[in-house]
Amino acid sequence: MPKALRLPGVVLLLAILATAPHFAQSIYYERPVETAPQEETIGDGYKTPEVQKPLPRHFWLQWLDVLLLGAAMGAAVWIVLARRRRRWLVWLNIASLGYFGFYREGCICPIGSIQNVTVALADPTYSIPIVAVAVFFLPLFVALFFGRAFCGGVCPLGAMQELVLLRPVHVPRRLDQALGLLKYVYLGLAIVFALKPALSRDFLICRFDPFVGFFRFSGEASMLTVGAVFLIGGMFIGRPYCRYLCPYGGLLSWTTRLANRGVTITPDKELDCGLCTEACPYGAIDKMRAVRRKCLYCARCYESCPRDGELAHAKEELIEIGGPR
Amino acid sequence: MNPTRVRRAARISGGIIALCTAILAVDWAVATYREPRDESIVKHLQEEVREDPEFAPKLEAENDRITAARLGRRQRGQAIAWILLAAAALFLTAVNHLRAARGLRFVDLDTLKAPPAAQRRKRMKPATNGASAGASTEAGFDTRFVDELVALHGRAKEAAIPILQAIQTHYRHLPDEALRRVCDLTDITPAEISGTSTFYGQFRRSPVGKHIVRVCHGTACHVAGARQISDELRRHLQIPEGADTDPKRLFTLEEVACLGCCSLAPVLMVDEHTAGRLTPSTAPSALEDLEQREPA
């Protein structure tokens, strides 16, 4: 991203962030149940069972989720950029997996909220809770300044794949780039299906979420199998879903192009040993510099650095050294 | 922790994961096989009940059986899911622990980096003596990269530093085979290459290890026997003469001027951890202690 475009880009995105919630209305409604047979019409002393519909989550608890999302992203940024400790990030991952994954059962998540926001923008009769809008925009907002902290610190799908990664293999760059395009195709399809009229509308991202079945301890056998395949593959290929399929990852990598702070690799003149490049399972270090739009905030590069003690507070990227590349 | 016990834990938890998955799969297969059969039985019974109310208890019993089977499967599924989760956590912890203890296994840089670079540069003109372009001198070493560098920078002596810099950025150290190839192709002599590559701090002749060990050779440490500490570490890590990194590429040994804690002399640092008041007999164990404090 050229420097000249950075400021207008940030301003434009901030404007979108500020105005979007106004388009996304928040309507509370009760489903009209009068049309269904009532106790009197059924007769025979029939009693309606007590709880027919699950109670909605309390409004303030929903805001608590948003707050935790923001706090977790803040923690990820602090751990990765200021402390540079992978160990702490692993604990953050486990906590996020526990709360946003197993406790909240993978919902509400920014990945799926792409569809809600799309529909809300297109269809004025569709009601979307303001929390969904906040969850959609908050990680993008953070990415605007610090990069994909959401992917590395908060996303339960990412945390799951992060934790199973045991023996990373480097994916050839060309193949990596080609597969990376899939997520934009998926994003397009998800938007197309979300924009269909109400009856044929389909939320593809949620329906084909390979990991949500694990969070809920139930799901279609086919999707659970796909999820298991992703996890087994994820032991060797770093976070395959995030890098090649996640549509929200695509959006985040776009906004990250505007970020002016983020993971920096600082090789010094006498030690461009490249151990960080070796350690990065996501191919996000190219020619000894971090590629922020691909960086998933795992801090493995810092963990592998033999000179981390010295470079811990070196936050500027050095100018390029050496001959032609 | 005892590695054999960790390995056993990994094996057992892996077995539990496989077993649980198998149980879930069988459970699912049985359920999908039974579903249409149960449905047809119920439908059949419903028809019979319509003709003859005597069959009603039988239908009810059948319905109860199906409900019980479904509830049972659900409960089994929940229990197995919790076991799976615990086993997966144990498995991942154990395997990560084992990997940390063994140290990082490196993918060989040359096999990793050379092929794409060579392909990218294929379109460029091959080296001056075209006949040997792309030929391998030593086993497995691809000389094409060096050949192209020479074609780019020329064969004169002034090209030595740009060529060495390019080799350093490509391989992240100066492999001997590459330097030999440079000598073969250009007017630069091995002595000049050797002199240049050891004079400048920016060039390394061997890849760096995972941890950097800095042994203080300041005045206080020197008096307290830093030389003996360095020698003992070299012996312990089996670092060959003239090299600074052990064959496993775990430790790179450096001698530094002063670490600033002379009261602890002799002192060394492993990455950012410091150990002081060493003796030749305690130095190797200090190295291991410090390395384990921050496992990979």
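Nothing here was measured: the structure is a model prediction, and the numbers come from that model. Convention: sequence-line order gives letters A, B, ...; per-chain numbering from 1.
- Heavy atoms of B/Leu85 lying under 4.5 Å from chain A belong exclusively to its side chain.
- The two residues B/Lys210 and A/Glu303 come nearest to each other via the heavy atoms NZ-O, 4.3 Å.
- A pairwise comparison of heavy atoms in A/Val164 and B/Leu92 identifies CA-CD2, 3.8 Å as the closest pair.
- Open room surrounds CZ on B/Arg34; 12 or fewer heavy atoms of other groups in view lie less than 6.0 Å from it.
- Residue B/Phe91 touches chain A through its side chain alone, counting heavy-atom pairs closer than 4.5 Å.
- Below 4.5 Å, heavy atoms of chain B meet heavy atoms from A/Phe217, A/Ala221, all part of residues 214-227 of chain A.
- Between A/Thr277 atom OG1 and B/Arg172 atom CZ the span is 4.0 Å, to the nearest 0.5 Å.
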